[in-house]
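Read through the structure below, which is laid out as structure tokens, and then see the notes.
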Amino acid sequence: MTIPINWYLLVAAGLFSIGLYGVLSRRNAIGILMGIELMLNAVNINLIAFWRYLDPVRMTGQVFAIFVFTVAAAEVAVGLALVIAIYRNRDTIVIEEIDLLKE
Amino acid sequence: MVPIIIFGLSALITLGAALAVVTNKNILHSAFYLVLAFAGVASLYVLLEAPFIAVVQVLIYIGAIAILIVFAIMLTRRIGSDDLIQRNAQWIWAAMGAAGLFLVLGWIVYSVNWPVVTQIVPEDTITILGQELLSTYVIPFEVASVLLLAALVGSIIIGRERE
């Protein structure tokens, strides 16, 4: 018996929801970035599961997953550079204390 | 039977480690649980017969992104201490929203009749993938390299010390 596609999609949905909770509930900017990484991983599981079960001959799903990897790497590099720049200027990375534009 | 056991273990490790990532009080421990979650996702890729994606997952996510996050936590160490409150005031609403989203997604997954095909995966997917990347998808491939260059230059400029 093979594993049905629904199981993979359900695991990906759970991972996405957990990542969303992390993004919405963390006060630490790095914690929010970690939540975003979990959500991107959930999307990639979906892409590979759809490739495997719906169209395994053409490689579109895998190519799409590789582009998601690329964008995730670029996003985390720029995001962490921003976090470190903010920490250097304001001495905090707690999101609620970074309110320069409110003043 | 064996694939189902492996799938169950991988899914359990992935989801358990992800829960630890978002709830752990120590942000450095969260980063280490993040590595475990990435490893669980890599084993799911192996089960889905995508060996190249699994290796790339280990190389990029565990080897680069997780290590970069640990570096950033170390550089902002005062924030990572245990006594700081790590979740904000509206965490209960966030939890309810995430649970609601999971229920909606689960309902969609089970209400759609996925057009699953019975074709088997070709023998050497990595060869086909390489040829496709440099023929059909060559323009997105080059655009991705420009994106990486722009991100590299941008993060150096944002992160460097002003004199």
Side-chain angles (χ1 to χ4, degrees), chain A residues 1-3 5-11 13-22 24-28 30-31 33-35 37-38 41 44-45 48-49 51-57 59 62-63 65-67 69-74 76-78 80-85 87 92-94 96, chain B residues 3-4 7 11 14-15 18-19 21-22 27 30 34 37-38 41 44-45 48-50 53 56 60 64-65 68-69 72-73 75-76 79 85-88 91 94-95 97-99 101-102 105-106 109-110 114-117 119 121-122 128-129 132-133 137 140 144 147-148 151 154-155 158-159:
Chain A
M1 170 189 168
T2 53
I3 303 163
I5 182 173
N6 289 356
W7 294 12
Y8 286 105
L9 300 183
L10 216 56
V11 169
L15 197 59
F16 191 89
S17 304
I18 293 171
L20 179 71
Y21 169 72
L24 292 179
S25 72
R26 281 284 188 193
R27 292 177 73 216
N28 190 324
I30 298 177
L33 272 176
M34 288 199 260
E37 293 307 317
L38 289 178
N41 262 282
N44 260 352
I45 294 178
I48 299 294
W51 164 77
R52 172 67 186 81
Y53 285 92
L54 306 187
D55 192 11
V57 177
M59 288 291 140
Q62 288 210 26
V63 171
I66 289 174
F67 290 134
F69 278 123
T70 317
V71 174
V76 83
V78 175
L80 290 176
L82 277 172
V83 165
I84 288 172
Y87 182 74
T92 181
I93 52 168
V94 175
E96 291 143 13
Chain B
I4 293 178
F7 173 85
T14 307
L15 293 180
L19 267 180
V21 168
V22 295
I27 197 82
S30 290
L34 192 66
F38 288 159
V41 175
L44 285 180
Y45 291 153
L48 282 167
E49 294 170 75
I53 301 294
V56 168
I60 294 183
I65 291 180
L68 211 60
I69 286 176
I73 293 170
L75 286 173
T76 55
I79 302 299
I85 301 164
Q86 288 286 359
R87 58 187 186 193
N88 56 20
W91 70 273
L101 178 74
F102 176 69
L105 287 177
V109 164
Y110 273 95
W114 302 105
V116 175
V117 295
Q119 287 165 305
V121 176
I128 302 172
L129 183 63
E132 291 271 291
L133 263 182
Y137 303 102
L147 171 79
L148 277 180
S155 49
I158 292 170

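Each chain gets a letter, A, B and so on, in the order the sequences are listed, and its residues count up from 1. All values derive from a computational prediction rather than experimental measurement.
Only the side chain of L133(B) comes within less than 4.5 Å of a heavy atom of chain A; its backbone N, CA, C and O stay farther away. Looking at A144(B), both its backbone and its side chain come within 4.5 Å of chain A, counting heavy atoms on both sides. If you measure heavy-atom distances from I5(A) to chain B, the contacts under 4.5 Å come from the side chain alone. The contact between L80(A) and chain B is made entirely by side chain atoms (from C-beta outward), counting heavy-atom distances below 4.5 Å. For Y8(A), the parts lying near chain B are the backbone and the side chain together; criterion is any non-hydrogen pair under 4.5 Å. For E132(B), the part lying near chain A is the side chain, with the backbone staying farther off; criterion is any non-hydrogen pair under 4.5 Å. Residue L34(B) touches chain A through its side chain alone, counting heavy-atom pairs closer than 4.5 Å.
Across V83(A), V57(A), I45(A), I84(A), the residue that shares the most heavy-atom pairs under 4.5 angstrom with chain B is I45(A). Between chain B and the options L15(A), I48(A), L10(A), V78(A), the largest number of non-hydrogen pairs under 4.5 Å is found for I48(A). Your options are D55(A), V76(A), V71(A), and the one with the most heavy-atom pairs under 4.5 Å with chain B is V76(A). Each of L15(B), V22(B), V109(B), I65(B) has some count of heavy-atom pairs under 4.5 Å with chain A, and the biggest count is that of V22(B). For the options L101(B), I53(B), L105(B), V41(B), heavy-atom pairs under 4.5 Å to chain A are most numerous at I53(B). Ranked by heavy-atom pairs under 4.5 Å with chain A, the first of V116(B), I158(B), L48(B) is L48(B). Heavy-atom pairs under 4.5 Å with chain B peak, among L82(A), N41(A), N44(A), I30(A), at N41(A). Contacts with chain A were tallied for F38(B), W91(B), Y110(B), F7(B); F7(B) has the most, counting heavy-atom pairs under 4.5 Å. Of the listed residues A64(B), A37(B), G106(B), A50(B), the one with more heavy-atom pairs under 4.5 angstrom with chain A than any other is A50(B). For the set V11(A), L20(A), L33(A), the entry with the most heavy-atom pairs within less than 4.5 Å of chain B is V11(A).
In this structure, W114(B) has its ring center at least 6.0 angstrom away from the ring center of Y53(A).
Nearest heavy atom pair, residue V21(B) against residue R26(A), reads O-NH2, 2.6 Å. For the residue pair Y21(A) and A94(B), the shortest heavy atom distance occurs at CD1-C, 3.8 Å. Contact between S155(B) and A77(A) at its shortest, heavy atoms only, is CB-O, 3.7 Å. Of all non-hydrogen atoms in Y87(A) and L75(B), the two that sit nearest each other are CE2-O, 3.6 Å.
Between L44(B) atom CG and W7(A) atom CH2 the span is 12.5 Å, to the nearest 0.5 Å. Separating the CE atom in M59(A) from the CD1 atom in I128(B) is a distance of 4.5 Å, to the nearest 0.5 Å. Atom OG1 of T70(A) is separated from atom CG of L147(B) by 7.5 Å, given to the nearest 0.5 angstrom.
You'll find the side chain of L54(A) stays beyond 4.5 Å of the side chain of V117(B), heavy atoms only. The shortest side-chain heavy-atom distance between F102(B) and I18(A) does not fall under the 4.5 Å cut-off.
Partners of T14(B) according to the side chain to side chain donor-acceptor pair (under 3.5 Å) rule, which considers only residues two or more places apart in sequence or in another chain, do not exist here.
A perpendicular orientation is assigned to the rings of Y45(B) and F69(A), their planes being inclined by more than 60° (bins at 30° and 60°).
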